[in-house]
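For reference, the structure discussed in these notes is given below.
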Amino acid sequence: MSEINPTLVSRYFEGVKTSILGPYMMDGYGFPNSAGDYRFKAETQIVESLLNGVDRDGAVLDLGCGVGYWAEAFAQEFSSVVAVEGSANLYDALVTRCLPYPNIQSVHSNVLRFQPKGDFSLTFLGGLLMYLDEDDVVGLLGNLKKHLKPGGIILCRESTVRGDTLSLTGDYSVVYRSIENYRRIFKNSGLAVRVIEQNEPYVLLQMGCELMDKWKALTPKPFQMLPLMGRLAYWGLRAMNPWILNVPKTFETPFPILENHFFVLEAIDQTE
Ligand SMILES: C[S@@+](CC[C@H](N)C(=O)[O-])C[C@H]1O[C@@H](n2cnc3c(N)ncnc32)[C@H](O)[C@@H]1O
């Protein structure tokens with residue numbers, strides 16, 4: 001059974017804003033753009049530690065790269081980057097962002113139809129697998145595995161749930177899987193999980209998104225004052241960071257509903 005409606009996924013991403021908040025799903029809450037910058041910078045520090053030992057002389061493949069913030073960061077560290085994006089809207093912004101970087105090749109394509117050329121030290125999937133059916137994930141990862149350089153890794157950053165898989169239907173089509181479910185899928189794709197790390201900056205801002213969702217549901221539109229309330233929520237959470245992240249664990253509250261994890265994967269035969 002299909003978990004994902006690809007038409008709805010592409011319609012959604014054709015409509016998002018090309019700011020840093022858009023592809024991060026943080027638009028419409030009244031957060032300042034600096035919230036996106038904060039999340040990106042904090043995530044780059046986590047990624048930097050996860051890339052320890054990865055050959056910087058090699059190439060990077062960034063699939064579902066959005067407007068290219070990550071592609072730009074990788075281009076400054078690795079020899080070259082192939083950045084693939086399916087939305088024409090985001091692809092145009094990607095091309096503009098990458099103009100100063102002759103070592104980035106931008107490709108407008110569905111990742112399921114894209115055939116990589118050559119081998120990569122790093123393949124980055126930043127929030128992509130949650131828009132693909134399980135069969136497609138297994139097929140895609142199995143193919144990407146064949147294009148890993150010796151010692152190369154696949155790094156995924158995916159939104160996750162604590163319990164059963166949650167598929168959203170309606171205008172926004174997405175599937176949120178548990179860590180255990182991803183472990184099974186990665187194994188079926190011939191990949192070993194080297195590291196799983198919680199994406200704390202995501203979780204912090206997801207608390208803000210879910211609080212603002214509640215505020216929007218309870219407050220009539222004319223009284224929502226999103227630019228004010230979104231900024232209050234954002235700066236309040238920043239002020240309470242990092243101890244606020246322990247609150248759900250301490251009180252065993254499933255809040256926020258969504259979490260997010262980095263998964264470092266390598267070819268199974270490489271670990272044997
Ligand atoms: C959550 S956004 C993440 C963007 C970027 N990786 C980042 O971390 O900022 C997911 C991206 O994947 C792209 N995408 C989703 N499904 C795709 C597909 N089948 N082919 C190509 N791109 C896809 C979307 O257009 C969107 O840009």
Side-chain angles (χ1 to χ4, degrees), residues 2-28 33 35-47 50-51 60-75 81-98 104-116 122-141 143-144 154-160 167-168 171-177 199 201-202 205-206 209 258-263:
S2 292
E3 300 164 287
I4 286 294
N5 180 333
T7 311
L8 291 183
V9 173
S10 67
R11 191 179 301 157
Y12 178 83
F13 282 106
E14 286 305 344
V16 297
K17 290 201 187 131
T18 56
S19 75
I20 191 161
L21 296 178
Y24 265 180
M25 334 298 298
M26 283 164 42
D27 246 330
N33 267 342
D37 295 332
Y38 163 75
R39 180 179 149 185
F40 178 68
K41 272 203 197 108
E43 284 189 356
T44 52
Q45 284 167 11
I46 300 174
V47 167
L50 295 174
L51 292 184
V60 178
L61 177 59
D62 182 356
L63 290 183
C65 61
V67 294
Y69 279 92
W70 287 99
E72 182 179 27
F74 293 138
V81 180
V82 179
V84 183
E85 172 52 42
S87 148
N89 168 38
L90 299 181
Y91 174 77
D92 288 346
L94 166 75
V95 170
T96 309
R97 175 172 307 283
C98 296
I104 302 181
Q105 182 198 348
S106 305
V107 181
H108 181 210
S109 170
N110 185 327
V111 295
L112 299 176
R113 287 197 281 276
F114 171 76
Q115 192 47 50
L122 167 67
T123 293
F124 181 66
L125 314 177
L128 174 72
L129 302 182
M130 59 188 177
Y131 302 109
L132 301 177
D133 279 328
E134 182 169 328
D135 289 351
D136 289 330
V137 172
V138 173
L140 177 68
L141 291 176
N143 189 28
L144 295 177
I154 298 177
L155 175 60
C156 305
R157 187 202 67 220
E158 290 298 329
S159 295
T160 49
S167 294
L168 297 193
D171 287 350
Y172 179 54
S173 179
V174 63
V175 53
Y176 301 116
R177 304 178 172 103
N199 182 354
Y202 171 99
L205 292 172
Q206 183 61 21
C209 294
L258 293 187
E259 296 186 295
N260 193 280
H261 288 86
F262 289 98
F263 299 89

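Counting starts at 1 for both ligands and their atoms, following the listed order.
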Which ligand 1 atoms does [X] reach within 4.0 Å, using its non-hydrogen atoms?
{"X": "Cys65", "answer": "5 (C), 6 (N)"}
{"X": "Arg157", "answer": "7 (C), 8 (O)"}
{"X": "Glu85", "answer": "13 (C), 24 (C), 25 (O), 26 (C), 27 (O)"}
{"X": "Ser109", "answer": "20 (N), 21 (C)"}

Give the residue and atom name of whichever protein heavy atom lies nearest to [atom], and the separation in Å to one decimal.
{"atom": "atom 19 (N) of ligand 1", "answer": "Asn110 OD1, 3.0 Å"}
{"atom": "atom 6 (N) of ligand 1", "answer": "Gly64 O, 2.7 Å"}
{"atom": "atom 3 (C) of ligand 1", "answer": "Gly126 O, 3.1 Å"}
{"atom": "atom 2 (S) of ligand 1", "answer": "Pro23 O, 3.3 Å"}
{"atom": "atom 9 (O) of ligand 1", "answer": "Tyr24 CE2, 3.7 Å"}

Relative to the ring of His108, is the ring of Tyr91 parallel (under 30°), tilted (30 to 60°) or perpendicular (over 60°)? parallel

_Side chains of Asp27 and Val16, heavy atoms from C-beta outward: is any pair under 4.5 Å?_
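SC-SC contact between Asp27 and Val16 ruled out.
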
message = Counting C-beta onward and ignoring hydrogens, is there a side-chain heavy-atom pair between Cys209 and Met26 closer than 4.5 Å?
response = yes

Check your understanding: Does ligand 1 have any atom that is closer than 4.0 Å to a heavy atom of Leu128?
Key -> yes

Counting only nitrogen or oxygen atoms and a 3.5 angstrom limit, does Val111 reach ligand 1? yes

So for Leu90 against ligand 1, with non-hydrogen atoms under 4.0 Å, the contacting part is side chain

Ser10 and ligand 1 - part of the residue with a heavy-atom distance under 4.0 Å:
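It is neither; nothing of Ser10 touches ligand 1.
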
Nearest non-hydrogen contact to atom 22 (N) of ligand 1 from the set Gly127, Pro6, Gly86 belongs to Gly86

**Report entry** Winner among Phe13, Phe124, Tyr69 once heavy atoms are compared against atom 26 (C) of ligand 1
**Finding:**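 Heavy atom nearest to atom 26 (C) of ligand 1 belongs to Phe13.
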
If you apply the rule side-chain contact (heavy atoms from CB on, under 4.5 Å), what do you find for Val137 with Arg177, and how did you get there? CA-CA 12 Å; Val137 172; Arg177 304 178 172 103; 4.1 Å; yes

Q) When you measure from the centre of the six-membered ring of Tyr69, is the NZ or CZ of Arg97 under 6.0 Å away and within 45° of the axis? A)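 Yes, Arg97 lies over the aromatic ring of Tyr69.
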
* Asked: Which residues pass the ring-ring contact (aromatic ring centres under 6.0 Å, His included) test with Tyr172, sequence neighbours left out?
  ->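 Tyr172 satisfies ring-ring contact (aromatic ring centres under 6.0 Å, His included) with Tyr12 once adjacent residues are dropped.
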
Exercise. Go through the steps for Asn89 and Thr18 under the test side-chain contact (heavy atoms from CB on, under 4.5 Å), then give the verdict.
Key: CA-CA 8 Å; Asn89 168 38; Thr18 56; 3.4 Å; yes

| Do Leu128 and Leu140 pass the side-chain contact (heavy atoms from CB on, under 4.5 Å) test, and can you show the C-alpha distance, the side-chain angles, and the key distance before you say yes or no? | CA-CA 11 Å; Leu128 174 72; Leu140 177 68; 4.1 Å; yes

Please step through side-chain contact (heavy atoms from CB on, under 4.5 Å) for the pair Thr160 and Phe263, ending with a clear verdict.
CA-CA 11 Å; Thr160 49; Phe263 299 89; 4.2 Å; yes

For Leu21 and Gly36 the tightest heavy-atom approach is CD2-N, 3.6 Å

